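Remember, it's a predicted structure, so these values are computed and weren't measured experimentally. Convention: sequence-line order gives letters A, B, ...; per-chain numbering from 1.
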Amino acid sequence: MHAEPTVYLFVVSIGASAFGGALGMAGGIFIVPFLTLFEGVSLQSAVACSIVSVIACSCASAASFLRGGLTNIRVAIVLETATTLGALTGVLLAGVLSMPFLRVLFAAILLVSAWQMTQRRRPAPVKAPAPAKPTEFRGRDWATMLRLHATYPDHALGRDVYYHVRRLPLGMLLMYGAGLISALLGIGSGVLKIPAFDTALCLPIKVSAATSNFMIGVTAAASGVAYFARGDIDPAIAGPVALGSVIGSVLGARFLMAVSGDRLRLLFVIVMAGLAAQMLQAAFQGHPTLQVT
Amino acid sequence: VSGDRKPASGLERCLATTLQLGTWVGSCTIAVGWVLSATGGSPSLSTASVAIVRAGIAVFILLPALRVLLMAVVFVCEHDYRFAAIAALVLAVIVVAAALGVRMAGVVPG
């Protein structure tokens, strides 16, 4: 282990997690392209290291969301059955799918994420408004039977707001896909979680951000244990990346409060489109750094 | 019994503390191993430093599994057996994934 390149990895991870965190995503989507395109790390190893970074981001920022009463842990544990099963499928598929296919998939996820970032995020309009008190609702849907509906403290309104969880089966299906993509590509899979939370489950944005952050740790841990046991995780890379991610996600949480998102958003749309182009090029031409080893 | 919860219940505070503490333990372990490796020194020291970094990474990977276990225990204590079973299912998937990783360890990727 040489100190100099690992310091470089450490600094890049701080940046990826801080800016990713400010935009409500894990840093994995930037760490994997960085490791494979610029550091000559194999995709398999980069994905495994990035998974550790995703776990570190989740663990480091979960506490403040939990203490703020924003995380719906009941919704989280129910959806985690789907995301961990998806991750398990992803671990199995990772050995079968070809490298060019995975690179194209990564590029596609980058492009869709970039497009998603240009859209203003809002939960789907609710046709039947939720009752003011949870006890007034007597539904027979899954979310009601599992008692998932809850309240969260809204600081702008200065009171607790009651919300209703909808269409759980559709949400579970999207979450299975999110777990699969997360394990395959070493990312947080915001791409599928945003429609799951906003369109299927109709959670308030603050609740979905907190719950998503809480869930991704367990989702990534499911593939993380497999990659760790398989010996894919190189401590020389994953160590500095994880440490940088913890520091970055703490800084990112501060950024989120201070910086207006629009310019940052535009910058990241451009960065993600650029990374997608390089990933596609690597997929079709073979990347020069890969031939060295 | 209604589904709404008071913000930051006992379980939520407990999970927050566990994750925060675990993050500190994992980060400090990795940092110690990293500093040791940077100082150079004998080959045995370098082997030890890699092992310490690996242990720190293991702390991070096991931390979410620990919080699922914690949730399962609390759900059992609250007689919420349905949710205890859901948490147990999540834990079981993680255990299967670990077993799968061990099995795959011998196979060289194509």
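Distance check, rounded to the nearest 0.5 Å: CE of A/Met99 to CG of A/Leu43 gives 5.0 Å. The distance from atom OG1 of A/Thr71 to atom CD of B/Glu12, rounded to the nearest 0.5 Å, is 6.5 Å.
For residues 77-85 of chain B, a heavy-atom distance under 4.5 Å to chain A picks out B/Asp80, B/Arg82, B/Phe83, given by residue number.
Heavy-atom distances place the side chain of B/Leu89, and not its backbone, under 4.5 Å from chain A. Contact annotation for A/Val246: only side-chain heavy atoms (C-beta onward) come within less than 4.5 Å of a heavy atom of chain B. Using a 4.5 Å cut-off between heavy atoms, A/Ala238 contacts chain B through both its backbone and its side chain. In this structure, the portion of B/Leu100 lying under 4.5 Å from any heavy atom of chain A is its side chain and not its backbone. If you measure heavy-atom distances from A/Val218 to chain B, the contacts under 4.5 Å come from both the backbone and the side chain.
Counting only heavy atoms from C-beta outward, the side chains of A/Met175 and A/Thr219 never approach each other to under 4.5 Å. Residues A/Ile55 and B/Pro64 form a side-chain contact, since some pair of their non-hydrogen atoms from C-beta on lies under 4.5 Å apart. Taking 4.5 Å as the limit, every side-chain heavy atom of A/Ile216 sits out of range of all side-chain heavy atoms of A/Thr83. Between A/Leu79 and A/Leu201 there is a side-chain heavy-atom pair separated by less than 4.5 Å. Side-chain atoms of B/Ser37 and B/Val53, non-hydrogen and from C-beta on, never get closer than 4.5 Å to each other. Side-chain contact between A/Val54 and A/Ile187 is absent, with no heavy-atom pair separated by less than 4.5 Å.
Annotation: maximal heavy-atom pairing with chain A below 4.5 Å, among B/Val68, B/Ile57, B/Leu62, occurs at B/Ile57. Note: B/Val93 leads B/Val93, B/Ile94, B/Thr17 in heavy-atom pairs under 4.5 Å with chain A. Heavy-atom pairs under 4.5 Å with chain B were tallied for A/Cys59, A/Ala221, A/Gly217; the largest tally goes to A/Cys59. With chain A as partner, the option from B/Val95, B/Leu63, B/Thr23, B/Val96 having the largest number of non-hydrogen pairs under 4.5 angstrom is B/Thr23.
Side-chain contact check for A/Ser61 and A/Asn213: at least one donor-acceptor pair (N or O, by modelled atom type) lies under 3.5 Å.
Side chain of A/Ser17 to main chain of A/Ile14: no donor-acceptor pair is present (N/O by atom type, distance under 3.5 Å, no hydrogens or angles).
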